[in-house]
Amino acid sequence: MKRIFSGMQPTSQLHLGNYLGALKNWVSLQDEPDSECLYCVMDLHAVTAEYDSARLSDATREIAAAYIAAGIDPNKSSVFVQSAIPEHSQLMWLLATMAQMGKLERMTQFKDKAGKNQERAGLGLFAYPVLMAADILIYKASHVPVGEDQKQHLELARDLAATFNTRYGVDFFPQPQPVITGPAPRVMSLRDGSQKMSKSADSDMTRINLTDDADLIAKKIKKAKTDADPLPETLGELKGRPEALNLITLYAALAEISKQEALTLFIGKQFGQFKPAFADLAVEKLSPITMRMNELMDDPAQIDVILAKGTEKARSIAAPILSDVQKIMGFHR
Ligand code: TYM
């Protein structure tokens, strides 16, 4: 039996990287035989950076709506909010006693987010990967579908699972497997092929959000950075052309064809011809998701019912696992 767990932060709108790196894969995993899927909105992680408390609750609902609009079926998967399951934070504290500061200091996301002023970074940002390990281990999840940028965090989760088992002489936590098989595990910025597409990048022109309308999508694609050469015959020839490779990868992922097949459609063409075709495809694939998201957001009570059902299911798994961990660690009960 596979138990699949993943989540996204309600920091702002989801973008094409979130969709093609992770969410699209979550949808396919729902139909794997013998598997149970848990998809969570990671609000406790979202508050490790500056955020708007007046918008957090709506932003949380919007992410749940995006999951469902993209194809997560609440009858097949449990959708819920991290902060509604206190066991995540409770396990985090216990794992924090086993997490080494040195390993946390080496986390590239911490270094990126803390910037030059690490001394002033919050403890929550530093301990972020420990909470992430707790999110996964509190369900004894076997598989974690994510984009490539989460690989290092998952290694820490595997490490903490093994440390716990060794320290207490048990075979309790399984090793969670990263599943980095989304159609585009590392989507790059539209403006710089060396930077990943990110919610936190200053310019909105660097990303396509799931809530962008057709005109905005077309405008962003038109302005996307490219080069002056025509599209070549083979993928190998895209080496050294990161922006071109990114756009072909995105086209292929949206069209559900291979990168080579996508390239073959445009051999010898300039970006002036490729871009409108890409914009049409992006609008065709994303607009049904946007429309469904808007419909769902018009009925917030319906989302809350789905979340309440997901919370009940998630707690029924997490509570006995936390209780077992407490027993193993010798707490008085
Ligand atoms: P978050 O909210 O930054 O991103 C959500 C998911 O989207 C993927 N992703 C990308 N994939 C491809 N290209 C990109 N440019 C891109 N940007 C983001 C991420 O890899 C992720 O899968 N720490 C996590 C949230 C989290 C979590 C967890 C995930 C908290 N606890 C436990 C899995 C299991 C995060 O910040 O995701």
Side-chain angles (χ1 to χ4, degrees), residues 3-27 29 37-49 51 59-60 62-64 66-67 70 72 80-83 85 88-89 91-92 95 107-110 112-113 124-125 127-158 160-161 176-201 206-210 242 245-246 249-250 253 314 318:
R3 185 171 287 147
I4 295 162
F5 177 92
S6 199
M8 304 203 177
Q9 300 185 70
T11 32
S12 65
Q13 295 305 333
L14 295 188
H15 55 65
L16 208 51
N18 300 128
Y19 178 57
L20 296 176
L23 187 49
K24 200 165 186 296
N25 211 16
W26 299 2
V27 176
L29 290 167
C37 297
L38 302 162
Y39 297 128
C40 186
V41 183
M42 315 316 288
D43 56 348
L44 294 174
H45 279 109
V47 301
T48 59
Y51 76 102
T60 300
E62 272 165 30
I63 300 296
Y67 290 178
I72 299 300
F80 56 98
V81 178
Q82 187 186 27
S83 64
I85 317 286
H88 288 236
S89 318
L91 180 62
M92 183 218 163
L95 294 176
M107 292 285 140
T108 52
Q109 187 172 303
F110 172 70
D112 287 350
K113 291 203 173 159
L125 186 66
Y128 180 116
V130 185
L131 179 58
M132 188 162 156
D135 299 331
I136 298 165
L137 299 180
I138 197 63
Y139 302 104
K140 292 193 177 178
S142 57
H143 293 79
V144 186
V146 284
E148 209 174 80
D149 60 341
Q150 297 301 314
K151 212 170 166 179
Q152 198 187 24
H153 287 160
L154 276 170
E155 270 160 28
L156 187 86
R158 290 164 64 82
L160 285 171
Q177 302 291 328
V179 182
I180 308 184
T181 54
R186 191 168 174 80
V187 174
M188 309 312 282
S189 153
L190 295 180
R191 287 307 184 91
D192 178 353
S194 69
Q195 298 291 320
K196 72 169 187 184
M197 187 177 282
S198 136
K199 291 179 206 150
S200 53
T206 59
R207 58 187 165 251
I208 293 174
N209 303 306
L210 293 190
L245 178 61
N246 189 39
T249 305
L250 292 176

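Counting from 1, the numbers follow the sequence of the chain as shown. In listed order, ligands and their atoms are each counted from 1.
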Original post:
Would Q109 and Q152 count as a side-chain contact (heavy atoms from CB on, under 4.5 Å) if you check the C-alpha gap in whole Å, the side-chain angles of each, and the deciding distance to 0.1 Å?
Top reply: CA-CA 9 Å; Q109 187 172 303; Q152 198 187 24; 5.9 Å; no
Original post:
Taking it one step at a time, do N18 and K199 satisfy side-chain contact (heavy atoms from CB on, under 4.5 Å)?
Top reply: CA-CA 9 Å; N18 300 128; K199 291 179 206 150; 3.5 Å; yes
**OP:** Show your reasoning for whether side-chain contact (heavy atoms from CB on, under 4.5 Å) applies to L29 and H143.
**Re:** CA-CA 10 Å; L29 290 167; H143 293 79; over 6 Å; no
Subject >> Intermediate values then yes/no, side-chain contact (heavy atoms from CB on, under 4.5 Å), M8 and W26 >> reply: CA-CA 12 Å; M8 304 203 177; W26 299 2; 3.6 Å; yes
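Between Q109 and ligand 1, no N or O atom pair is found at a separation short of 3.5 Å.
Applying the salt bridge (Lys or Arg N to Asp or Glu O under 4.0 Å) test to every pair with at least one member in residues 131-151, sequence neighbours left out, gives these pairs: D149-K196. Here salt bridge (Lys or Arg N to Asp or Glu O under 4.0 Å) pairs that include residues 179-192, with residues two or more places apart or in two chains, number zero.
Atom CE of M132 and atom CG of L160 lie 12.0 Å apart (nearest 0.5 Å). Taken from CD1 in I63 to OG1 in T11, the straight-line distance is 7.0 Å, to the nearest 0.5 Å. L14 contributes atom CG, which lies 10.5 Å from atom CD of Q9 (distance to the nearest 0.5 angstrom). In this structure, CD1 on I208 lies 7.0 Å from CG on L250, to the nearest 0.5 angstrom.
Among all non-hydrogen protein atoms, the one lying nearest atom 20 (O) of ligand 1 is D149 OD1, 2.4 Å. In this structure, atom 13 (N) of ligand 1 lies nearest to the protein heavy atom V187 N, 2.8 Å. Scanning the protein for heavy atoms near atom 7 (O) of ligand 1, the closest one is N18 ND2, 3.0 Å. The protein heavy-atom contact nearest to atom 22 (O) of ligand 1 is G147 N, 3.1 Å. With hydrogens left out, the protein atom closest to atom 11 (N) of ligand 1 is G17 O, 3.2 Å, a heavy atom. Counting only heavy atoms of the protein, atom 37 (O) of ligand 1 lies nearest to Q150 NE2, 4.0 Å. Atom 25 (C) of ligand 1 has G7 O, 3.6 Å as its closest protein atom, hydrogens excluded (heavy atom only). Protein heavy atom in closest approach to atom 28 (C) of ligand 1: M132 CG, 3.4 Å.
Under a 4.0 Å criterion applied to the non-hydrogen atoms of R186, ligand 1 contributes the atoms 12 (C), 13 (N). For ligand 1 and M8, the ligand atoms under 4.0 Å from any heavy atom of the residue are 2 (O), 5 (C), 6 (C). Every atom of ligand 1 with a heavy atom of A184 under 4.0 Å away is listed here by number and element: 12 (C). Atoms of ligand 1 lying under 4.0 Å from any heavy atom of G21, numbered from 1 in the order shown and given with element: 11 (N), 12 (C). Residue contact check: P185 has heavy atoms under 4.0 Å from atoms 11 (N), 12 (C), 13 (N) of ligand 1. Every atom of ligand 1 with a heavy atom of H15 under 4.0 Å away is listed here by number and element: 17 (N). Residue-ligand proximity, M197 to ligand 1, at heavy-atom distances under 4.0 Å covers atoms 14 (C), 15 (N), 17 (N). Counting atoms of ligand 1 from 1 in the listed order, those under 4.0 Å from a heavy atom of H45 are 30 (C), 31 (N).
With hydrogens and angles disregarded, no donor-acceptor distance shorter than 3.5 Å links the side chain of H88 to the backbone of I138. Checked by atom type and distance alone, the side chain of D43 pairs as donor or acceptor with a backbone atom of S83 at under 3.5 Å.
Using a 4.0 Å heavy-atom cutoff, G182 is absent from the residues neighbouring ligand 1.
Selection from H153, K196, M42, K199 by nearest heavy atom to atom 2 (O) of ligand 1 gives K199. Of the candidates Y39, Y128, Y19, the one placing a heavy atom closest to atom 36 (O) of ligand 1 is Y128.
Side chains of R158 and P176 form a contact here, defined as non-hydrogen atoms less than 4.5 Å apart. Side-chain contact check for V146 versus S6: some heavy-atom pair is nearer than 4.5 Å.
By the criterion of a heavy-atom distance under 4.0 Å, both the backbone and the side chain of V146 are placed next to ligand 1. Of the heavy atoms in L20, none comes closer than 4.0 Å to ligand 1. For V144, every heavy-atom contact with ligand 1 shorter than 4.0 Å involves the side chain, none the backbone. When heavy-atom distances to ligand 1 are checked against a 4.0 Å cut-off, M188 has no atom that comes that close, whether in backbone or side chain.
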